Amino acid sequence: MNRILSKSPVFNGFFFSNLFAFLIIWISGHIEIESKTMIYSEFVILPLLMGMISIWFWRNLQLKGRTITGYSCVNGLLAILLSSVFLKEGVICLLIVSPLIFSFIITGAFIGRTILRKNSQKLNVSVFSLLVVLFVTDAVQEHHYENMVADEVIIHASPAEIWKNVVAFAPIREKNNYWLFQIGTPSPRATTVTGYYQGAGRKCIFSNGYIFDEKIVTYQENKDLTFDITGQPRDPEIMGHIDILRGQFLLKDNGNGTTTLIGNSWYRLYVFPTWYYDIWARSITRNVHLRVMEHIKQLSEKK
Amino acid sequence: MALIFDSWLKLWMLSTRPVVLDWIDEIEAEVLSWEGITGTLHQYGGLQFNLGKVEIGHIHSNGIMDVLFSRQFKQELMKEGQIEDHHLFTKSGWISFLISSEEDKNYAKYLLGLSYERELHKAKRGSLVNPFV
């Protein structure tokens with residue numbers, strides 16, 4: 001052990017907390033039932049433990065609060081960089097996860113400092129062991145989370161005029177306004193269909209060439225187009241952590257020359273905690289909806 | 001969640017006004033040197049000072065300090081024009097004070113000292129609350 005330990009406690013704090021985290025991720029990758037899922041513990045308990053491990057190495061340095069916060073940020077950055085190298089996570093994905101990592105590492109460091117001040121070996125071991133037990137318990141449990149996002153726009157056209165643009169539409173050329181699309185998250189570009197009937201195939205093409213294969217399961221002309229997603233791309237970015245299960249467009253004639261177009265999407269998340277990631281999933285899905293629906297509106301209102 | 005929110009405040013202060021974190025450290029070092037005072041994490045995030053089992057005050061990482069006094073004493077202190085009603089419990093004896101300068105740091109110590117003396121006095125009077133229990 002002494003051979004591994006550096007003379008610099010600061011370095012040791014960074015090194016051993018990251019080493020611990022990667023060992024745990026590696027082990028949990030082997031015991032998880034669903035290897036595709038990234039669980040709550042990996043984003044919450046592990047950073048907390050990282051913060052506590054680092055502060056243990058820094059315990060005799062009399063670090064100020066600002067230094068602990070700064071070092072914890074460096075520690076988080078290191079963990080994120082190592083994730084991009086070893087776990088092959090994409091930049092946008094890491095950008096999304098970083099607020100969670102930073103805040104829990106800082107929290108872990110300050111909880112650790114408070115515990116160390118109490119100078120109770122029993123307390124140190126109990127808190128650490130409790131977090132490890134929580135981690136393992138979470139790792140062996142089944143994780144399943146599905147949700148739905150609904151949006152609507154009013155279009156100054158009849159359902160019949162809108163319908164043809166709902167089933168398939170020409171490429172979207174408008175500039176992206178959503179910041180995640182601007183920095184590289186794939187955004188919808190065009191849709192093609194093999195036919196205008198139930199059972200027909202549909203393809204939704206994204207900006208980076210990704211294609212979502214879809215199958216029309218409900219085809220009620222001028223009213224309801226529902227399609228299941230039968231194939232979707234996998235990549236290190238967001239697409240690897242969310243499955244879009246089903247999409248739907250509903251048209252409601254308002255009786256005054258306008259139509260309400262409702263877009264619904266059902267998705268499954270593979271990253272936890274959902275109280276954090278669902279905020280992002282909702283935001284991205286909503287902006288996919290709005291980009292498509294605004295385009296349909298523009299095409300349908302064109303005289 | 002409160003602890004996480006407080007970590008965000010730390011991150012925010014580190015990038016905008018890191019000196020506030022130093023002032024909090026200074027206050028912490030001094031208050032923890034007073035007899036009987038211990039420090040814990042506050043349930044709503046931040047650093048809490050206790051005399052025995054009684055809280056005398058806490059500081060959130062954005063520099064907002066909350067201290068408990070009697071309502072009557074709070075009214076007296078309000079006349080000095082430095083403190084405000086607690087940011088949530090306005091009708092209580094709790095006060096809030098934003099530490100945003102070197103002078104504020106010293107005033108914060110003064111306020112915590114007043115609360116400390118008050119609790120000590122209560123203990124000496126043989127109040128049911130024994131701060132060292």
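We name chains A, B, ... by the order of the sequence lines, and we start the count at 1 in each one. None of the values given here were measured: they were computed from a predicted structure.
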Verdict with supporting geometry, A/N287 and A/R291, side-chain contact (heavy atoms from CB on, under 4.5 Å): CA-CA 6 Å; A/N287 279 283; A/R291 186 155 171 82; over 6 Å; no
Intermediate values then yes/no, side-chain contact (heavy atoms from CB on, under 4.5 Å), A/S265 and A/M148: CA-CA 5 Å; A/S265 286; A/M148 185 262 239; over 6 Å; no
side-chain contact (heavy atoms from CB on, under 4.5 Å) assessment of A/L94 paired with A/V91: CA-CA 5 Å; A/L94 293 171; A/V91 175; 5.8 Å; no
Test side chain to side chain donor-acceptor pair (under 3.5 Å) applied to B/N50 and B/Q48, step by step: CA-CA 7 Å; B/N50 309 300; B/Q48 179 177 317; 2.6 Å; yes
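For the pairing with A/F43, the ring pair (Phe, Tyr, Trp, His ring centres under 6.0 Å) check across A/Y276, A/F272, A/Y277, A/F104 returns one residue only, A/Y277. When A/W58, A/F11, A/F102 are each tested for a ring pair (Phe, Tyr, Trp, His ring centres under 6.0 Å) with A/Y71, only one passes: A/W58.
Aromatic ring orientation, B/H60 versus B/H58: perpendicular (interplanar angle above 60°, classes split at 30° and 60°).
Counting only heavy atoms from C-beta outward, the side chains of B/F49 and B/I59 approach each other to under 4.5 Å. Using a 4.5 Å cut-off on side-chain heavy atoms (C-beta onward), B/I56 and B/I37 make contact.
At a heavy-atom separation below 4.5 angstrom, chain A is approached by no residue within residues 104-115 of chain B. Contacts between residues 7-23 of chain B and chain A, defined by a heavy-atom separation under 4.5 Å, are made by B/S7, B/W8, B/K10, B/L11, B/L14, B/P18, B/V19, B/L21, B/D22.
Annotation: maximal heavy-atom pairing with chain A below 4.5 Å, among B/L41, B/I4, B/T40, B/L3, occurs at B/I4. The most heavy-atom pairs under 4.5 Å with chain B, out of A/P99, A/G70, A/C73, come from A/P99.
At a 4.5 Å heavy-atom cutoff, the contact between B/E28 and chain A is made by side-chain atoms alone. Contact of A/S103 with chain B is made through backbone and side chain together, with heavy-atom distances under 4.5 Å. When heavy atoms are compared at a cutoff of 4.5 Å, A/I105 does not approach chain B at all.
Taking the six-membered ring for Trp and the full ring otherwise, the centers of B/Y116 and B/W34 sit less than 6.0 Å from each other.
Heavy atoms only, all atoms of each residue included: B/R71 and B/K91 are closest at CD-O, 3.0 Å.
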